[in-house]
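Quick one: structure below, then a few questions.
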Amino acid sequence: MNITINEELRAFIDPLTAIEQAALERSLLAEGCRDALVLWGETLIDGHNRYELCQRHNIPFRTVQNSSFSSLDDVMLWMIDNHLARRSVSDFQRGVLALRKKEIVTARSAQRADAANQTDKTSKTDKAAEPAAEEAKAVDAGPPWNTREDVAKAARVSSNTISQIERIQKAAAPQLVEAVRAGTISINAAANVASLPAEEQIAAVAGGKKQLQEAARQVREQKAASRPPKEEPPGEVTALRAQVAALREKIDALTAENAELRAQLG
């Protein structure tokens, strides 16, 4: 059986972490390769990690064909939708995949618009081309995925999270991106750290989780200090806020006292 690895497709989906790779390897050794690898002709489009491990350990596997694609873009869109449907994919990975889908869909929409314009030019001298021009316009009417909300909905995250992921993609050092993928730092914190110079980002990653959190905190404080001061609320609002703060302090004190009594009884 000839199986071809397309490096662009293999790199299209984020690689497994070391922990995920080890878990998959244990599963394959214990249970075999239960899910079939998916091929487009001879090109592997789903199951790259399983294929590599099966080859390494001589584990038998099955393949199935998906011949419904007409281009590499079709394959990529299928791969994205396939991974977006998986529960094991992190919010960051889903956001990145959804943004990649937007890039592909936007590019295809632009190509269709160009084709429609060319057909329009031809139709001025060839009336027989008018139906084709109208069809091209209809296909491109209202291009999908043209808002951040569209991307966020597909990724099952908020539009604010998508905005933060875009910031990370544009400004984050590779080391910081890897830290987000590994779950060492949250998307929100990483978006703040990404505003620092690259060398400071790298130093924060090298310092570990606490150093990353401290860097994110400092950026947040700097942003807060640079904002214009808010207008003072009316006196009644200020008084109510003071009452709420006092009640919270009382609740905290009672909670601590309750915990101390429970410890004594235990």
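All values reported here derive from a predicted model rather than from experimental measurement. We count residues from 1, following the sequence as given.
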Q: Before giving the answer on salt bridge (Lys or Arg N to Asp or Glu O under 4.0 Å), spell out for R217 and E221 the whole-Å C-alpha distance, their side-chain angles and the decisive distance to 0.1 Å.
A: CA-CA 6 Å; R217 184 187 66 79; E221 289 179 351; 2.4 Å; yes
Q: Can you measure from CZ (R148) to OG1 (T161) and round to the nearest 0.5 angstrom?
A: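 Output value for this atom pair is 11.0 Å.
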Q. Can you tell me how far OH of Y51 sits from CG of L44, rounded to the nearest 0.5 angstrom?
A.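 Nearest 0.5 Å value for the CG-OH distance: 7.5 Å.
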Q.
If we check side-chain contact (heavy atoms from CB on, under 4.5 Å) with I168, which of these qualifies: V96, V193, V177, L176?
A.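 Result: among V96, V193, V177, L176, V177 is the only option passing the side-chain contact (heavy atoms from CB on, under 4.5 Å) with I168.
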Q) Below 4.0 angstrom, N of the basic side chain to O of the carboxylate: do D46 and R86 qualify? A)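 Between R86 and D46 there is a salt bridge, with a charged N closer than 4.0 Å to a carboxylate O.
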Q: Could you list who else is in L29's hydrophobic cluster, with ILVMFWY side chains joined at under 4.5 Å, directly or through other members?
A: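 Answer for L29: L16, L24, L28, L53, I59.
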Q. Take atom CD in E8; do more than 12 heavy atoms of anything else shown fall under 6.0 Å from it?
A. no
Q | Electrostatic pair D91-R94, nearest N-O below 4.0 angstrom | A |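 Yes.
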Q. With side chains defined as the heavy atoms from C-beta onward, is the minimum distance between M76 and K101 less than 4.5 Å?
A. no
**Q.** Distance-only side-chain donor-acceptor flag, E25 / Q21, under 3.5 Å
**A.** no
**Q.** salt_bridge(K153, E149) N-O dist < 4.0 Å
**A.**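 A salt bridge is absent here (no side-chain N lies under 4.0 Å from a carboxylate O).
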Q) Taking only residues at least two apart or on different chains, which pairs with a member in residues 176-195 satisfy side chain to side chain donor-acceptor pair (under 3.5 Å)? A)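 Non-adjacent pairs meeting side chain to side chain donor-acceptor pair (under 3.5 Å): D14-R181, Q164-N188, N192-K223.
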Q) With no hydrogens and no angle check, do the side chains of T106 and S109 hold a donor and an acceptor under 3.5 Å apart? A)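 No, no side-chain donor-acceptor pair sits under 3.5 Å.
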Q) For N66 and S68, does a side-chain donor sit closer than 3.5 Å to a side-chain acceptor? A)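 Short answer, yes.
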Q: Would you kindly say whether D150 and T147 are connected by a side-chain donor-acceptor distance under 3.5 Å?
A: yes
Q | Distance, nearest 0.5 Å, that separates CZ of R248 from CD1 of I251 | A | 8.5 Å
(Q) With rounding to the nearest 0.5 angstrom, report the CZ to CD distance, R50 to Q55. (A) 13.5 Å
Q.
Applying the side-chain contact (heavy atoms from CB on, under 4.5 Å) criterion to I45, which one of L72, L37, L39, L9 satisfies it?
A.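 Going through the options one by one, the only one that passes is L9.
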**Q.** Distance (rounded to the nearest 0.5 Å) between I3 CD1 and H48 NE2
**A.**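 I3 atom CD1 to H48 atom NE2 measures 10.0 Å (nearest 0.5 Å).
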